[in-house]
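Notes to accompany the following structure.
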Amino acid sequence: MEIEKSYNPKEAEETHYERWEKNGCFAPEINENPDAVPFSIVIPPPNVTGSLHMGHALQHTIMDVLTRWKRMQGFKTLWLPGTDHAGISTQLQVTKKLLKEEKKTRWDLGREEFTKRVWDWKRQYGGEITRQIRREGASVDWSRERFTMDKSLSKAVREVFCSLFEQGWIYRGKRIVNWCPKDKTVLSDLEVKEETRKDGKLVYLQYPIKNSTRKLTVATTRPETMLGDSAVAVNPKDVRYSDLIGEIILLPLTNREIPIVADEYVDAEFGTGAVKITPAHDPNDYELGLRHNLPQIVVMNDDATMNAVAGTDFNGLDRYIARAKVIEKFDELGLLEKIDDYEISLPCCERCKTVLEPILSEQWFVKMDEMRDIALNLMKTENSPRFSPEVPHTKVYTNWLENLKDWTISRQLWWGHQIPAWYDDLGNVFVARTFEQAKAKAQNANLTQDEDVLDTWFSSGLWAFSTFGWNEKRDTETRRNGDKENVFSAGKFLKVSESDLDVFCPTDVLVTGRDIIFLWVSRMVMMTKKFVDKKPFNDVIITGTVLDKNGQRMSKTKGNGVDPLDVFEKYGVDATRLTLAGSSTGADFRWRDENVEQNRNFANKIWNATRFCLLNSEGAKVDHSSLILDENASIADKWIISRLNKTAINVNKELEKYQFHTAVNLLYHFFWDDFCDWYIELVKDEISSGNLQENEGQTTNDKGQARTRIITILEVALRMLHPFMPFLTEELWLKLPYTSSNLHHEAYKNAPQTIMLTSFPLGDLSAIDEKAEAEMQAVIELISKVRNIRAEMSIKPSERLSLHVSADGDLQKVFADNKARILKIARASNLILSETLNAPKASAKAALSRGAELAIPLEGLIDFDKERTRLENQVAKLEIEGSRLSGQLSNEGFVKQAPAEKVVELQERLIEIESQTKALNLNLEALK
RNA sequence: AGCCGAUUAGCUCAAUUGGAAGAGCAUUUGAUUUACAUUCAAAAGGUUAAAGGUUCAAAUCCUUUAUCGGCUACCA
């Protein structure tokens, strides 16, 4: 068989995905077992404008590992993909393009035409992220791909909106909201990003008091808002001002008179202890204004210029120009007391970074009282969702819920789900699922629909059930037209008698980042419980953040992002996936190409191990019966099969706990250390020499058996690696002799052959052979000691050594059984076994476990000083450990209270150390 | 301001309920009749940020401090 000397990922990546997808391997229908247990994940829908970043790559890797692992276990597995319409982002993108190419604004086009353009844009460019997801090898079911503005999902949005409105959980009202003057829309609290500015100013303004010469000084960071002041407030306990409560202020620059009120909200310690109150432009002032029945005076337009109410001097001025002018005018009037430097944090637009303006505005809100209780109750009564890692996310999630405020859901955009509310000429509102229903309610009055759309997160909040055809007629729309031909047709499609919603909701696990726990995770919990009376998911895996090599967050503005696609190009998809999966669950980690390089090397190692097996595969085939050993099997075989099964058991155990990095570690060391470095080396002679000729004392049948065994072990290892490294393992698995769909898990018997449908090795407890592992350990120790002596005594590798080993009878037998292998790997010519050590003085010596000793005669080669130093170093090491152990064992408390097996373990170790020390010391004596 | 996390070998990170501190990279030394130099072998490298406490036993639990990071709220 022709096989390249090193792994080139490109070819595998280009061919296998397409074939898997075409054969329907990703769809749950590939599973032929009618009783299969479902396993499902919904992808956190990336923005349709987005392109893949490391965060996605990390999350997708974890989801794909879980999906492939469960699929190989015979679960009816669905990983549902899709994208989010991403209101603001997408609208911005198209707006920019429009301006650049046609010098037009969205208003030039009008709503209908503009929206059409966005759809065109989506069709043209929106597929990028989905192509990238394919590139990652993600085994998502494309036949169920969803978009948040699909017909059925939009219908779900309307249904939820109307239903919540009817129950009074959605309301329309005037509140202080976060207004972005650039995007000209309101934002929810979660879309506000605080930014600290060191160059802030605190301006002290003097307000004259009516019928008095006194002035009251207020401090403000936003002087322009004074034009909308409707009171000044002081603390009722503040003796400085108690006589002023109830007095009237003559508000400068306006012709208004405003009262001085007393309110506990005011902190007497801060500033002057007197606060200007602008109910229409500050959330606290708004609340205070309600308590004191103050007028709400809006002085700004939606682009943060001042309006007519601000007065003719200010009308039309930008807020910052108006601010300067207010200060200037106060200065002219002699009412500017002072300006202090003041570090301030300003609310900014998450997307465009513009400083937001708190402004009184009429918007739609979701009342969160009941919603919060839904989520809190689930957490309290069922510990749901189960976060992984649990600390700190459960606590953070719960704390946040406890302090939750109402959610602003309207957005002044055109791209999104337009709010299903209509107004008649008198301003009466009619909320309805369709225009017709609204007309009926309004008795055919002249209706106009609300201009606003819903927050993107409103529709994403329904993702865990709207994607499964909720509120749709069953058996329709859940599967799209045209995709049926693409799906594997030899396998029986299940008759869709139950809907996807019944089968796949709740999903098993959600994998996402910390940043959207509140924005998305919490809302899915509430909405799903509320509307389908189910949990959206059982578990939530919160991934860490991928940082750059300096520990900084990757960001576009900093330009320090690492593009996953570049890494794929350079090192291959599988190496990248393994690197991501190898990061510890939930912890941030710094990206280093060196780590991927290491995994690229690992991929090459797997390639070459397979290459070796294939070059010696005449007469061999993948045959799992070859892994069942009889009593006469060699220690090496018993050992590797024990290790294989132990690895399988532990990998499954770790994956169950979402400890991906531990699983990766186990597989890496099993494959590289156990399988390649030891097993292949140990059995090399038995299986190699190209054709099936007999070696000394070996029959062709023995050789075929040995070849079958190693190739079968390899096959099992490839299966275990498959969820992490799908392309490489598929490429190699298909090359193994006699692989076919006969090797599939029984749920996939009729599917075209692929490793992804074989069964994931679970490991067999009865195949674990601790005795063989211990015996092999002794062989490994012996060889390691020989290598150590060789290296430390600077003995040429070509020098064939004679090994004198003293050991008890059992151990002698182990060494004798493996004599040929030991001689080969240790590059020795002779192995002399005896009860007591009998070697010339000019020997290098080492103490082995279980009282065994090694001596290598080095007549003429030995440097006695060097040998003495070497032995002394070893004695010193043992003594440090020995004295710690004997200290511990002479501690009564330890002996009494520690678990008995622990005490025994230490005692045995101490005896071992003592015997080795004794042996080494005797050797030292002999050298003096 | 509050809450949370992190601090382990030169670097990047592990360490399952408290029970002999481990990998990979980098370093040093040696190896090329080989499945793989994207390789193999060997060595060296630690007062687990600091101080105190609980315990027979602490990287792990508690207290304090320092540095870094995150989140939430608010500062008129």
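Here is how names work: the chains are called A, B, and so on, in the same order as the sequence lines, proteins then strands, and each is numbered from 1. All of these numbers come straight from a predicted model, not from anything done at the bench. No hydrogens, no waters, no symmetry mates; every other heavy atom, side chains included, goes into these values.
- Around the CZ atom of A:Arg386, the shell of radius 6.0 Å holds no more than 12 heavy atoms that belong to other residues, nucleotides or ligands.
- Between A:Lys201 and A:Asp341 there is a salt bridge, with a side-chain nitrogen of the basic residue lying less than 4.0 Å from a carboxylate oxygen of the acidic one.
- Residue contacts for A:Glu892: at a heavy-atom cut-off of 4.0 Å it reaches no nucleic acid atom on any strand shown.
- Contacts of A:Lys796 with the nucleic acid, taken as non-hydrogen atoms under 4.0 Å apart, are absent.
- When Watson-Crick and G-U wobble pairs are counted only if both distances are under 3.5 Å, B:U27 pairs with B:A43.
- With respect to A:Asp199 and A:Arg197, no salt bridge is recorded, no charged nitrogen being found less than 4.0 Å from a carboxylate O.
- A salt bridge links A:Lys10 with A:Glu569: the closest approach of a Lys/Arg side-chain nitrogen to an acidic carboxylate oxygen falls below 4.0 angstrom.
- Residue A:Gln659 has its side chain nearest to B:A15 when only B:U39, B:A35, B:A15 are considered.
- The A:Arg909 side chain lies nearest to B:A20 when the options are B:A20, B:U72, B:G5.
- Nucleotide B:G18: unpaired (no Watson-Crick or G-U wobble partner with both distances less than 3.5 Å).
- For A:Lys405, a side-chain nitrogen or oxygen approaches OP1 or OP2 of B:C74 to under 4.0 Å.
- Using a 4.0 Å cut-off, no side-chain N or O of A:Gln598 falls inside it from OP1 or OP2 of B:G24.
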With the criterion being N/O to N/O and under 3.5 Å, what pairs connect the protein with nucleotides 7-11 of chain B, and how long is each?
unit_1	atom_1	unit_2	atom_2	d
B:C11	O2'	A:Arg592	NH2	3.4

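- Proximity note for A:Glu194 (side chain, C-beta onward) versus B:C74, B:G19, B:C71: the nearest is B:C74.
- Minimum atom distance to the side chain of A:Phe612 is reached by B:A35, of the listed B:G19, B:A20, B:A35.
- Checking B:A41, B:A14, B:C71 against the side-chain heavy atoms of A:Ala587 singles out B:A14 as nearest.
- Distances shown here put every side-chain N or O of A:Trp591 at or beyond 4.0 Å from the OP1 or OP2 atom of B:U12.
- In this structure, the nucleotide among B:U12, B:U16, B:G19 sitting nearest to the side chain of A:Lys657 is B:U16.
- Contact annotation: A:Ser584 reaches the phosphate of B:A14 (side-chain N/O to OP1 or OP2, under 4.0 Å).
- Within the nucleic acid shown, A:Asn284 comes within 4.0 Å of sugar-phosphate atoms alone, with no base atom in reach, counting heavy atoms only.
- Relative to the six-membered ring of A:Phe675, A:Lys605 misses at least one condition, a distance below 6.0 Å or an angle of at most 45° to the axis.
- For B:C74, the base has a donor-acceptor partner in the side chain of A:Ser345 [N/O atoms by modelled type, under 3.5 angstrom].
- Distances from the side chain of A:Lys605 to the nucleotides B:A44, B:U39, B:A20 place B:U39 closest.
- Ion pairing between A:Arg870 and A:Glu867 holds under the 4.0 Å rule for side-chain N and carboxylate O.
- Only A:Arg787, A:Asn788, A:Ala791, A:Glu792, listed by number, bring a heavy atom of residues 787-794 of chain A to less than 4.0 angstrom from any atom of RNA chain B.
- Contact of the A:Leu782 side chain with the A:Ile822 side chain is registered, since non-hydrogen atoms from C-beta on lie closer than 4.5 Å.
- Checking the phosphate oxygens (OP1, OP2) of B:G70, no side-chain nitrogen or oxygen of A:Lys193 falls inside 4.0 Å.
- Among the heavy atoms of the strands lying under 4.0 Å from A:Lys877 are primed sugar atoms or P, OP1, OP2 only; no base atom is included.
- Listed nucleotides B:C4, B:A20, B:C56 differ in distance to A:Pro392; the shortest reach to its side chain belongs to B:C4.
- One finds no side-chain N or O of A:Lys5 lying less than 4.0 angstrom from the OP1 or OP2 phosphate oxygen of B:A35.
- Base pairing analysis places B:G2 opposite B:C71; the two distances defining the Watson-Crick or G-U wobble pair are each below 3.5 Å.
- A cation-pi geometry, defined here as NZ or CZ lying under 6.0 Å from the six-membered ring centre and within 45° of its normal, holds between A:Lys338 and A:Tyr204.
- Side-chain N/O atoms of A:Lys395 include none lying less than 4.0 angstrom from OP1 or OP2 on B:C71.
- Side-chain contact check for A:Leu906 versus A:Gln888: some heavy-atom pair is nearer than 4.5 Å.
- Comparing B:U38, B:C75, B:G70 by their nearest atom to the side chain of A:Phe270 picks out B:C75.
- B:A9 makes up no base pair with any nucleotide shown, lacking Watson-Crick or G-U wobble contacts both under 3.5 Å.
- Side-chain proximity of A:Trp672 to the nucleotides B:A14, B:A20, B:C40 is greatest for B:C40.
- By the 4.0 Å N-to-carboxylate-O rule, A:Asp282 lies close enough to A:Arg222 to be salt-bridged with it.
- Using a 4.0 Å cut-off, some side-chain N or O of A:His661 falls inside it from OP1 or OP2 of B:A15.
- Heavy atoms of A:Lys653 sit nowhere under 4.0 angstrom from any nucleic acid atom.
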